[in-house]
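Written below as C-alpha cells is the structure these notes are about.
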Amino acid sequence: WQPCSKECSDRCSEDSKHCAYRRAYQEGSSIQGWYFKDLVRLGDSFQHNPPVAAYMGCHKAETKLFHSQKANGIMGIRAP
C-alpha cells in the first residue's frame, strides 16, 4: 500500500496509514479505495520491455454504474 505522505495526491485514509482516493461522477457513480505501487510491464513476451513503477488503485467501494455495468476490459492509465 502507498503510505500516507506528501506524495499522496488525494487524501489520507481515516486511520492515516494509506493514501486514499475517491472519484465521483456527474451521473452519481463513485469509487473509492487505496493506492498501491507495483511494477508494470506493457507489451508482449517478445518485446522484453523493462518494468516501470506505477501507482494503481484497489477499490473498496463502488456505487451505481460501477457496481451494475458489465466489465469491458478497458484499463484506465494516466500520466503521473
Quiz prompt | Closest contact, heavy atoms only, Cys12 versus Ala20 | solution = C-CB, 4.2 Å
Quiz prompt | Path from Phe36 to Tyr55 over hydrophobic side-chain contacts below 4.5 Å | solution = no
Quiz prompt | Donor-acceptor under 3.5 Å (Ser29 side chain, Lys64 main chain) | solution = no
Quiz prompt | Nearest heavy atoms of Val40 and Ala54, plus distance in Å | solution = CG2-CB, 3.7 Å
Quiz prompt | For Pro50, side-chain contact (heavy atoms from CB on, under 4.5 Å) partners two or more places apart | solution = none
Exercise. Kindly assign one of parallel, tilted or perpendicular to the pair Tyr35 and Tyr21, based on the angle between their ring planes and the thresholds 30° and 60°.
Key: tilted
Quiz item: Mind checking what makes side-chain contact (heavy atoms from CB on, under 4.5 Å) contact with Ala61, not counting sequence neighbours?
Solution: Gln32
Quiz item: Any idea which heavy atoms bring Gly28 and Thr63 closest together, and the distance?
Solution: O-OG1, 3.8 Å
Quiz item: ring pair (Phe, Tyr, Trp, His ring centres under 6.0 Å) with Tyr25: which residues, sequence neighbours excluded?
Solution: Phe66
Quiz item: How close do Leu42 and Asn49 get, heavy atom to heavy atom, and via which atoms?
Solution: O-ND2, 2.5 Å
